[in-house]
Amino acid sequence: MMDTNLQKDDLTGTIKFIPPLYKQRYQFIKDLVNKYKPKKVADLGCADCTLLWMLKFCKCIEVLAGLDIRENVMKEKMHRLSPLPADYLQPSERSLTVTLHHGSVAHKDPCMLGFDLVTCIELIEHLEAAELEKFPEVVFGFMAPAMVVISTPNSEFNPLLPGVTLFRHSDHKFEWDQAQFQSWAVAAATRYDYTVEFTGLGTPPPGTEDVGFCTQIGVFVRKYPKNGETVNSEKHTEHAYKTVFKAVYPSLKDEKYLQNAVVSEVLFGADIIKRRLLGNFKSECKEHSDGLEQKLKFQPFKYFMTCSKNLSLAETEKLAADRSMEPFIDGNTVYIPLAKIFSIPKVNQLCGTFEKLSNLIAGKVALSNDGSAVIVTIEYENEEQEN
Amino acid sequence: MYQVGRNFYSPSDPVEIPQHKLTLWPGFAVSITQFENRVMLSADVSHKVLRSETVLEFMTSLYTRIDNACFIQTCEKELVGLIVLTRYNNKTYRIDDIDWCVKPTDTFPKRDGTEISYVDYYKQQYDIVLTDLNQPMLVSRLKSKQNSTVEPRVVHLIPELCYLTGLTSQAISDFRLMKDLAQEMHLNPEQRQQRLSQLADNIQRIKEARLELEMWGLQLGCQVSLTGRVVPTEKILMREQTCLPMSAGDWSKDMRNMKIIGVQPLDNWLMLCSNRNGELAENLLNCLKRVGGPMGFHIEYPRIVQVQESPMAFLRAVQQHVNPEVQLVMCVLSSNQKDCYDSIKKFLSLDRPVPSQCVLARTLNKQGMMMSVATKIAMQIICKLGGELWAVDIPLKSLMVIGIDVNKDALNKGSSVVGFVASTNSKITRWVSRCILQNTGTDIADCLKVCMKGAISKWHKYNCELPARIIVYRDGVADGQLKMVVDYEVPQLLSVLTELTTNYSPKVSVIVVRKKCIPRFFAEANRSLQNPPVGTIVDTEATRPEWYDFYLISQLARQGTVNPTYYNVVYDNSGLKPDHMQRLTYKMCHLYYNWPGLIRVPAPCQYAHKLTFLVGQSIHREPSLELADKLFYL
């Protein structure tokens with residue numbers, strides 16, 4: 001859970017962390033993610049989902065989950081985790097599913113199994129004694145993710161925070177000093193086969209180094225990799241949590257979106273090739289002409305690559321010179337060989353292989369009788385409506 | 001489904017128009033209201049148009065299409081003012097400028113004072129890798145939330161990460177694009193019905209949806225079937241004959257070879273064309289004389305002046321040759337240059353008020369179309385001279401009909417253009433038009449008062465008495481403005497009438513017109529669904545119990561589903577029976593002289609719309625009152 005920044009500012013008085021400590025904590029997690037590239041990440045005590053929102057941009061993450069005891073706090077901001085219009089318009093390669101659960105860390109739910117990283121940022125100090133008691137067994141014993149990160153206030157720093165009498169936040173049930181936290185952490189780690197390393201954020205001003213960091217952090221790494229089904233998952237198939245939000249981001253791994261993207265690029269590219277062939281390239285010029293119909297011209301072929309990522313201009317020109325790739329006009333139809341289509345950078349990038357291209361456009365793009373070329377019919381300019 | 005505004009869309013089933021980099025999301029516009037008899041869910045098919053083109057892609061394709069020399073200028077002209085959507089959050093920004101000197105590798109200060117490059121920032125925050133390190137920056141000035149004394153913050157945006165929204169003016173004028181768009185978006189009754197019943201089905205089938213309704217004690221019933229009435233076809237009255245159109249909404253063919261009601265002869269007029277188009281102009285002239293005869297319109301040979309190609313030359317020629325006796329100025333323009341058109345219209349509406357007719361050479365070039373083009377031009381000229389084309393039977397005596405519309409000025413964003421058109425004879429064939437510009441935001445009741453006074457005095461001048469009945473059709477009312485119209489505008493308009501003279505109490509009705517409404521109506525015929533015929537009126541079931549309202553279908557739909565027009569009578573002391581009010585409204589839809597057929601709204605509203613369009617797009621000032629009696633803006 002997150003200490004509200006406002007309270008922190010009131011308390012710190014002369015001590016101000018730049019950037020604010022809560023941001024530093026989120027950045028710490030983000031740096032960890034960038035280093036270890038976990039695929040499934042869960043945030044326990046996700047509150048207003050700020051950390052989850054930051055993490056959704058990490059391309060390595062495929063599953064993102066949040067858990068909190070307070071449903072209304074999550075519901076207020078969960079819309080930030082929905083896919084954006086841009087995510088639909090140009091879906092990316094990665095897949096991502098974001099889920100939010102309403103529940104307690106003291107209860108077990110199989111939806112939290114198999115995670116690579118579980119974060120508990122400023123969470124444990126908000127737990128009642130009974131919940132804290134169950135915490136290690138649920139998180140380390142049952143969920144057993146590959147890595148756990150727990151952060152909590154370091155009470156030794158409190159004297160340096162003016163205005164703090166007992167606890168930094170009214171909802172804290174306890175605040176541990178370094179010794180207390182570390183002994184609890186080491187006990188849990190030993191019990192459930194984890195190693196733990198300690199670090200922190202928010203260095204004390206010079207001269208007071210011995211109080212330690214303002215926020216103390218324990219990073220737990222599981223010793224033995226889990227193989228196969230866990231015994232636990234067989235026992236606990238009941239769901240204790242309620243799902244309050246789920247979003248599946250569109251992804252090119254989903255054949256439907258991939259096909260959509262490829263067909264669009266093929267049709268767009270085919271349209272450009274057609275217009276080049278018909279000499280309608282400089283459409284701006286038409287306005288200044290007599291308005292007479294443009295005569296159909298067959299220009300010698302030269303395909304212009306605007307954003308060529310995979311092939312250099314020289315390579316593509318060479319490819320283009322290959323006779324079998326030349327588009328041609330027959331009657332009122334333009335024929336564009338599939339090989340030509342495949343050489344369009346965006347199409348090439350999306351499909352990878354020629355086979356894939358053929359499979360994806362089958363039935364969606366008009367092809368010649370022998371299937372070797374994309375066909376585009378030429379429409380003549382109809383009468384324009386005048387107001 | 002994804003909610004945008006008040007509508008819902010399915011982004012996972014997009015309809016792509018790849019040639020124009022457009023994506024359509026099919027969806028629905030819904031609302032739940034208490035209607036005449038029960039609470040009903042109104043839903044209509046809606047499409048969200050999205051551009052899957054980033055600003056960088058747009059710039060790149062522009063670069064390949066035009067000369068490098070004018071790239072920067074054209075780029076700015078096209079992009080400044082557009083709204084873009086950033087791909088990493090759901091925020092939109094207006095492009096206020098383009099900074100060509102800043103690159104993504106340059107740095108900017110973060111909130112904590114440290115400098116970071118744009119490339120690094122986007123990589124760190126959003127894991128986005130910029131591919132083009134030479135792109136310029138888009139500049140957007142954020143509106144400050146407090147008062148305007150605080151310096152507005154300026155934001156730099158990366159073109160590669162911004163999607164265009166809306167359709168540029170270039171796109172709208174690309175008729176192929178609009179045609180492809182229309183094909184996807186215009187559904188015929190069967191298709192529309194299919195989509196909507198799918199929605200109803202889904203609401204029933206999907207457990208969560210049904211449970212949500214049941215929580216409120218509601219259940220979704222079946223689609224409503226209701227009975228409407230069809231008003232009989234109107235007879236069109238010409239000078240000597242009456243015709244009953246073969247097809248109810250279109251009498252262009254029936255009107256051929258019939259004399260129009262009346263117009264002064266065209267003796268003294270001016271024709272301007274470029275040296276190149278001399279022959280075209282001659283052709284047009286001959287055709288005009290040929291079609292004029294049967295119409296009853298006498299056209300004399302004009303003074304022809306040939307000028308050079310440039311817009312300046314046209315304007316100079318107009319200034320030189322136009323004197324107050326000239327009845328009309330016709331310009332044959334070689335190309336669709338807005339500046340030329342605007343400057344001619346401005347001069348002839350403000351400085352020297354003379355009706356004008358501009359024709360594109362391109363229109364005259366189309367083979368085989370010359371006669372129909374000439375007919376249309378002749379009719380427009382007649383109207384601009386103050387003539388009358390046709391009429392319908394008006395059973396009420398001493399009736400003045402008014403149409404009001406409000407539009408935005410294209411140049412001055414803070415300005416609104418108010419159009420007020422009132423009939424001046426009991427046949428409802430002659431009109432007086434007034435256009436006033438004012439600040440958006442200020443309510444328009446005051447300028448309506450001025451216009452009303454003017455209209456009544458004109459009526460009095462032509463009829464020697466004050467109108468006994470006044471019906472006002474108020475268009476251009478935005479959502480949420482209805483209350484203001486009822487509570488403020490109407491009393492203001494009425495106060496004008498009582499202040500005029502003692503003992504003057506005409507019967508007044510004020511009707512708010514709405515072209516866009518959710519409900520659509522389908523006629524069941526032979527087990528399939530079709531568009532209901534023109535003249536269909538619906539005033540039960542789908543209307544509100546506490547209002548005097550009705551739907552009228554006065555549009556002839558050739559493709560897709562017809563749009564009903566919604567009328568809400570917000571003030572009425574006329575004592576007219578609803579049936580008569582509806583039929584009168586239907587008659588009004590026959591009187592728009594720019595179209596020999598039915599239109600969607602009453603004619604005075606369409607005239608007001610056309611007037612505000614001309615002023616808002618080209619003139620930007622109140623036209624001279626000397627032109628008020630003529631439909632100079634057609």
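Chain A is the first sequence line, chain B the second, and so forth, proteins listed ahead of strands; every chain is numbered from 1.
Counting heavy-atom pairs closer than 4.5 Å to chain B, the top residue among A:Lys30, A:His79, A:Gln27 is A:Lys30. Listed options A:Leu267, A:Asn260, A:Val263, A:Asp254 were ranked by heavy-atom pairs under 4.5 angstrom with chain B; first place goes to A:Asn260. Contact count versus chain B (heavy atoms, under 4.5 Å) is highest, among A:Val266, A:Leu84, A:Asp271, A:Leu89, for A:Leu84.
Of the two parts of A:Pro91, neither the backbone nor the side chain holds a non-hydrogen atom closer than 4.5 Å to a non-hydrogen atom of chain B. When heavy atoms are compared at a cutoff of 4.5 Å, B:Tyr9 does not approach chain A at all. For B:Glu57, the part lying under 4.5 angstrom from a heavy atom of chain A is the side chain only. In this structure, chain B has a heavy atom under 4.5 Å from the side chain of A:Glu265, while its backbone stays farther away. Looking at B:Ile128, the atoms closer than 4.5 Å to chain A (heavy atoms on both sides) all sit in the backbone: N, CA, C or O. In this structure, no portion of A:Pro250 lies under 4.5 Å from any heavy atom of chain B. The part of A:Ile18 that comes within reach of chain B is its side chain, from C-beta onward, which places non-hydrogen atoms under 4.5 angstrom from that chain. If you measure heavy-atom distances from B:Tyr163 to chain A, the contacts under 4.5 Å come from the side chain alone.
B:Glu16 and A:Lys364 are not joined by a salt bridge, as no carboxylate oxygen comes within less than 4.0 angstrom of a charged side-chain nitrogen. The pair A:Glu93-A:Lys59 fails the salt-bridge criterion, with no side-chain N (NZ, NE, NH1 or NH2) lying under 4.0 Å from an Asp/Glu carboxylate O. Between A:Asp31 and A:Lys35 no salt bridge is recorded (no basic side-chain N to carboxylate O distance below 4.0 Å).
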Discussion item. Before you tell me yes or no, could you show the steps for B:Tyr592 and B:Tyr607 under ring pair (Phe, Tyr, Trp, His ring centres under 6.0 Å), namely the whole-Å CA-CA distance, both residues' side-chain angles and the distance that decides it to 0.1 Å?
Written reply: CA-CA 7 Å; B:Tyr592 183 60; B:Tyr607 286 130; 5.0 Å; yes
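Of the inter-residue distances, the one linking A:Lys246 atom NZ with A:Met78 atom CE reads 14.5 Å to the nearest 0.5 angstrom. Taken from NZ in A:Lys56 to CE in A:Met54, the straight-line distance is 13.0 Å, to the nearest 0.5 Å.
Ring geometry, A:Tyr241 versus A:His101: the interplanar angle falls from 30° to 60°, so the pair is classed tilted.
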